[in-house]
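In listed order, ligands and their atoms are each counted from 1.
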Amino acid sequence: MTNQNAAVDSEAALDPGTELTTGYGSSPGVATGPVKIIEDIEEADRIEEGDVIVTEMTAPDMVPAMKRSAGILTDEGGMTSHAAIVSRELGVPAIVGCGDATEVLEDGQRITLDGQKGTVVVAEAETDDGEGDDAEPEGSRDVEGGSGGPPTTATEVKVNVSIPDAAERAADTGADGVGLLRLEHILLSTSKTPEKYVADHGEEAFVEEISEEIRKVADAFYPRPVRARTLDAPTDELAELEGGENEPHEHNPMLGYRGIRRSLEEPEMCKLELRAFKRLHDMGYDNVEVMFPLPNDASDVRRARELMEEVGIDPEKRRWGAMIETPASIRSIDEIIDEGIDFVALGTNDIVQFMLAVDRNNANVADRFDDFHPTILKAMADVIETCNEHDVDTTITGQSGSHPDMAKFLVEKGITSLSSNIDAVDEVRRVVARAERKLLLDAARETLDDDVQPN
Ligand code: PEP
Ligand code: MG
């Protein structure tokens, strides 16, 4: 992106409203507060209630500090980076990919950021009561208008959850379930790699930790379904954690040892995750579904199913499925369906990354990250069509599932559900309801036209 960010001259006070930096608005809302520049995770304790975190990139063990903050700015990252995903779920306004926020902003400087527009400006002067003139109410969000509650749609509208602590907030949206619960945020928030966690605390504690965290979400949503996904953490994120020194150094972690590839190489670790699912099933949480990330083909999915069976999960009785995220998996959708899956999830963050060869975490190419590229739309439409022929449910769990135009397109193509960010559920539901009505109206008009054709 072009960066016209202003350098802060600490000598001369800048006028309120002066633009300081810009980036990608990744979590909506306006926040004002003093800047706290965090160069190292060790400093995260410095963040107090109401501060604006300014950092190169957030890390999983910064989540408690992110919860306390009024807003978040990062130099790096795109719309699907850790900072973007977590801030949205916490409802904390955030801007990612600013490029130079840690350089142009100063510790203690009062700024106002707009997480929708992606702008950062000098804040209004504080008034006597300690509030800036521009103070915004916290967490303001669009609310469902009119009476009668949210529209009921035939296409299910679900929600993505990464942090179990956001489960209640997510459930309050009235979403039809969780389309994607990312296990990696649960595991990474322990500050240890899974291997290190098991080495320090034992296998049983690991299984317990995961099942208890998934349970928070399963409880909040019961009986609505919760699709939890086995671990998909890239090695560069794991490397930041305790035990991370054992992670391989990879040039392209996004193309590397992550998702189902790692699970199949380290089946014993994956089976511990699956034992957590089994435990929940045994406790009566029949709403918990298993999903596997990043398969390339049917053999990946088959081996994953075998691991489920080895821990005692019956794939005939429990709902399970696979993410479709690579060009190879799109092309082998028929064979993947034949493995007996109940659903697929279109992971557009990865589909776009891999089909367009655009690193999703690289701000330099973020403007080429195009979910609406014709090849992407065609690929998704083809997968949905094939799945519908086989009665396999389809959903979208990538960031673009929160985009109204994408929701409309996918409803027209016959997707069975969408899974959006918490803040987008209301709007997506409205768009889905309208798109469905339009389809019905078009069909009715066509019938009418046929009926009144002159002989
Ligand atoms: C995706 O790739 O679209 C997805 C939902 O998975 P993640 O963002 O966790 O890779
Ligand atoms: Mg993905």
Below 4.0 Å from any atom of ligand 1, is there a heavy atom belonging to Arg229?
-> yes
Element-labelled atoms of ligand 1 that are located less than 4.0 Å from some non-hydrogen atom of Asn349 | 1 (C), 2 (O), 3 (O), 4 (C), 5 (C), 8 (O)
Does any donor atom in the side chain of Ser329 or Asn296 lie under 3.5 Å from an acceptor atom in the other side chain?
-> no
Distance only, no hydrogens: is a donor on one side chain within 3.5 Å (strictly under) of an acceptor on the other, for Glu385 and Asn388?
-> no
Could you verify whether a donor N or O on one side chain and an acceptor N or O on the other, from Asp100 and Thr21, lie under 3.5 Å apart?
-> yes
Rounded to 10 degrees, what angle sits at the Mg ion (ligand 2) between Glu325 OE2 and Asp350 OD2?
-> 100°
Nearest protein heavy-atom contact for atom 2 (O) of ligand 1: which residue, which atom, what distance?
-> Glu325 OE2, 2.8 Å
Minimum heavy-atom separation for Arg229 to Leu183, with atom names?
-> O-CB, 3.0 Å
Location of contacts on Leu180 toward ligand 1, heavy atoms closer than 4.0 Å | side chain
Apply side-chain contact (heavy atoms from CB on, under 4.5 Å) to His373 and Leu356, showing your working.
-> CA-CA 9 Å; His373 193 282; Leu356 302 186; 3.7 Å; yes
Could an N or O of ligand 1 be found under 3.5 Å from any N or O of Asp350, whether backbone or side chain?
-> yes
Does Arg258 reach ligand 1, in the sense of a heavy atom lying below 4.0 Å from it?
-> yes
Give a yes/no verdict on a cation-pi contact between Arg227 and Phe343, requiring under 6.0 Å between NZ or CZ and the six-membered ring centre and an angle within 45° of the axis.
-> yes
Numbered atoms and elements of ligand 1 in range of Gly398, under 4.0 angstrom, heavy atoms | 3 (O), 5 (C)
Answer yes if the side chains of Tyr197 and Glu209 hold a donor-acceptor pair under 3.5 Å, and no otherwise.
-> yes
So between Met291, Met323, Gln399, Arg360, whose heavy atom ends up nearest atom 7 (P) of ligand 1?
-> Arg360
Here the atoms of ligand 1 under 4.0 Å from any heavy atom belonging to Gly347 are 1 (C), 2 (O), 3 (O)
